[in-house]
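Since this is a predicted model, take the numbers as computed values, not measurements.
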Amino acid sequence: MALFDRFWKGSRADTPEGAGRPAGYFPLYESSRPIEDEDDDDLPRPKVSATPDYETWDARLGEIDEALVVTEKRRLRWWQRDYWRARSKWWWTGRGVLAALALFVTLIGWLAITAPLSKSLEPIAPPQVTLLASDGTPIARQGAVVEAPVKVADLPPHVVEAFLAIEDRRFYSHWGIDPRGIARAAWTGYGGGSTITQQLAKFTFLTPEQSVSRKAREALIALWMESWLTKDEILERYLSNAYFGDNQYGLRAASLHYFYRQPEKLRPEQAAMLAGLLQAPSRYAPTKHYDKAKKRMDLVIQSMVDVGYLTKAEADALPDPRIDVRTRDDNLPTGTYFADWALPLAREGMEASYSKQTLTTTLDSRLQALASRIVGRAPLGKAQVALVAMRRNGEVVAMVGGRDYRKSPFNRVTQAKRQPGSTFKTIVYLAALENGWEPDDTIPNTPITQGSYRPKNAREQYSDQITLEDAFARSSNVAAVRLFQAVGSEKVIRTARRLGISSPMTEGDPSLALGTSSMTLMELTAAYAGIAANEYPVEPHAFPRGEQSWLEWLTTRTDSMSSGTHEDLEGMLRAAINRGTGRNAVLPIANYGKTGTTQDYRDALFVGYAGDLVVGVWVGNDDNTPLGGITGGSLPARIWADFMRAALKIDAAPAPVAEDTPDPEGPVQPLDVIEGGEIPLGEDGTSLQVDREGMTLRQEGVPIELRLDGGGVVIQPAPAPSAQPPP
């Protein structure tokens, strides 16, 4: 009833005309029926008027309609068309202004991040870097020839005019984009369609791709630079970064290279020739294509006449410029295996600048020449080779990444990931020693007949028990796998990680004991450097490092093994050389190392150390085909020994001898073939072992053995088996 109170007609009950008729309502929303007594809620009624106020009613009804419209709008969703059609022009105008402001702020932020003005002050190509050996001998030079930036105020007018005439005639009058210049270039066929500002934006901030989006970004960045830089600043940055061919970046470098004079002293014809190079620097380089450069120069001079920078008489009087290229130590190689590895490391810490850099490396020129000479004369056949030598602290002093850098710059020291074979057993035995095993502990050396993985020993040589030291020296595969399973794969992998090996290794894979996890030769050799120094991990590096500060020493995490464990492991490494698979690497001084040969003779390695050098040698084929019988104890061990003898100045390095009698059978699983190994003499366990110093006769079960060498016949005790190792 409250709704109908608004339309109360007023009461005439007290008049004769209204007698017997109740004060009611105009019949707008319901029939004019009598008001029941029970409907009378005794509410106060407004005063009845004899004349209805229709305008007030219409206003109130309009308010109701508006309220209904608002309610309906609230029910609409933004994806419905009526939601937007109901918006007023002022609403759309306000929202448009806000969107434009937001777009402008976003654009400014994007340009500030992607196109910082400071970047236009940096050279667009890495400046030239010359690498020196540790003794100061230049070994390689890479990078662009970049000289100091130029100043427009210091240049003769004809130098600036030559570039403006051919590249951007209206440079000082446009705002970064020149529609008239684009039209003129399209009509005449010469003159750049892009302004100098656009060209600076392109080679400073963008890629050379041809697309509409790139051109749009180029225009935006050009407007951005025009807003914040003066015209002279833009021109200076352009001339200081543009490419002029022959690896010359910037006007100063090009002027010195082609005419051997500073740009402040360039003659008009020289400036015109340099300005003509910008369209196609390699095609117009006057050192190789003088006729094309001369033709392009004539076009620049004609443009200068058209603009009014030169008269016709002055242009006709200009002579042909004479090229004056001076050689400046250009005989240095631009790339070597070592330089390709070292330069990216050097540039990581270099600030962008126009100055040339000369860096001294850790490379030893004598050892590098020695490594190249020894590898070059090794009887490799068609196989590839890699050698890396480093100090115990990781300083790389020699690197050979392949047989010929010019034919194959692929670095097999740092880029090739190959199986390390039995050289990985050193890590397995180290994990065992750190978990309570002793070199004299024994382990079964019988064939593995259970499980899905059943490796075999070289030449099917087995025994009931074998000491850890003998198993390591003879590179017993079955003993290594059993030891790996006894120690646990997680402990072996943890030991490898502590030594700095980061390549993937699968837990629970028994073949990991025989070196089936691929890694680089650099990574493997660095692990042996950590063993040699008994401080790891060792990080190979190409540039000298100063002594650590106390803070670096405090925050740098290193690990080491106990002196007893280190002594036991080195005893095993010596045994592998002196009476095991690595006898071809024997030196007259204390030396330590391990051979490695992967399945089907696909990789042959020897890694070891003597004196202050740690050296790794790999031989293999890039396509992973078999080597034809070359093992880690043969050619790699001899290359290692030859290098060590000469590097440590022990004696003259003899020429390596080619392998003529490879094992005709070949291994079934990753293994090491024992060079000059034990020769069985019967079925009772009697065997003869021959090495360089003599021969040894032994029989299983007999506590003594007979040794014959240069000192005569010696009877010595045979190694006695000990108790079973701990679990």
Side-chain angles (χ1 to χ4, degrees), residues 338 341-342 344-345 348 362 386-399 401 411-435 484 487-507 509 512-545 548 552-562 565-566 569-570 572-573 592-594 596 603 605-610 612-618:
F338 180 83
W341 171 68
L345 302 177
E348 287 179 0
T362 59
L387 182 150
V388 60
M390 64 180 68
R391 307 290 182 191
R392 299 189 181 202
N393 62 357
E395 291 184 354
V396 177
V397 295
M399 180 185 292
N411 194 335
R412 294 156 188 86
V413 172
T414 61
Q415 294 176 287
K417 286 199 169 186
R418 305 294 289 256
Q419 293 183 358
S422 292
T423 57
F424 189 81
K425 291 177 182 177
T426 302
I427 299 174
V428 177
Y429 280 79
L430 172 58
L433 293 175
E434 290 185 328
N435 282 273
F484 176 85
V487 175
S489 63
E490 66 282 355
K491 293 181 180 179
V492 174
I493 293 175
R494 191 182 308 123
T495 301
R497 298 294 185 222
R498 287 165 48 211
L499 288 169
I501 295 177
S502 58
S503 295
M505 289 176 280
T506 305
E507 287 192 12
D509 182 6
L512 182 63
L514 306 185
T516 58
S517 179
S518 299
M519 62 189 66
T520 64
L521 182 63
M522 178 74 83
E523 195 174 5
L524 180 64
T525 306
Y528 274 74
I531 294 173
N534 195 16
E535 186 175 1
Y536 40 84
V538 169
E539 181 183 359
H541 50 276
F543 300 95
R545 296 178 177 177
Q548 283 186 335
E552 291 175 333
W553 176 84
L554 190 63
T555 57
T556 301
R557 180 184 177 185
T558 59
D559 203 348
S560 62
M561 64 190 88
S562 66
T565 300
H566 187 245
L569 185 61
E570 286 198 326
M572 292 182 175
L573 291 168
Y592 313 86
K594 185 72 182 73
D603 302 273
L605 303 96
F606 189 91
V607 185
Y609 56 93
D612 64 341
L613 290 178
V614 185
V615 180
V617 179
W618 168 87

Enter the distance from [X]:[atom1] to [Y]:[atom2] here, rounded to the nearest 0.5 Å.
| X | Y | atom1 | atom2 | answer |
| --- | --- | --- | --- | --- |
| E570 | N534 | CD | CG | 8.0 Å |
| Y528 | I427 | OH | CD1 | 7.0 Å |
| R391 | T362 | CZ | OG1 | 9.0 Å |
| T495 | L499 | OG1 | CG | 7.0 Å |
| M399 | W341 | CE | CH2 | 5.0 Å |
| T516 | D509 | OG1 | CG | 5.0 Å |

What is the minimum heavy-atom distance between [X] and [Y], and which atoms define it?
| X | Y | answer |
| --- | --- | --- |
| L605 | W618 | CG-CD1, 3.9 Å |
| M561 | L430 | SD-CD1, 3.7 Å |
| K425 | L514 | CE-CD2, 3.6 Å |
| T414 | T520 | O-CG2, 3.5 Å |
| A542 | A342 | CB-CB, 3.6 Å |
| S517 | L512 | CB-CD1, 3.5 Å |

Practice problem: Please report the C-alpha distance between M505 and F424 in whole Å, then the side-chain angles of each, then the deciding distance to 0.1 Å, and finally whether the side chain to side chain contact (heavy atoms under 4.5 Å, CB included) criterion is met. | Solution: CA-CA 12 Å; M505 289 176 280; F424 189 81; 3.9 Å; yes
Under 4.5 Å between any side-chain heavy atoms of [X] and [Y], yes or no?
| X | Y | value |
| --- | --- | --- |
| L613 | V397 | yes |
| L521 | R412 | no |
| E434 | K491 | no |
| S518 | Q419 | yes |

Self-check item: Ion pair check, E539 and R545, cut-off under 4.0 Å
Solution: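 Yes, charged N to carboxylate O under 4.0 Å.
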Quiz item: Between H541 and E395, is a side chain to side chain contact (heavy atoms under 4.5 Å, CB included) present by the stated rule, with each step listed?
Solution: CA-CA 5 Å; H541 50 276; E395 291 184 354; 3.2 Å; yes
Quiz prompt | Criterion side chain to side chain contact (heavy atoms under 4.5 Å, CB included) on V487 and V428, from CA distance to verdict | solution = CA-CA 8 Å; V487 175; V428 177; 5.9 Å; no
Self-check item: Set of ring-ring contact (aromatic ring centres under 6.0 Å, His included) partners for Y592, sequence neighbours left out
Solution: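 If we apply the ring-ring contact (aromatic ring centres under 6.0 Å, His included) test to Y592, skipping adjacent residues, the hits are Y609.
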Quiz item: Do M522 and N411 pass the side chain to side chain contact (heavy atoms under 4.5 Å, CB included) test, and can you show the C-alpha distance, the side-chain angles, and the key distance before you say yes or no?
Solution: CA-CA 10 Å; M522 178 74 83; N411 194 335; over 6 Å; no
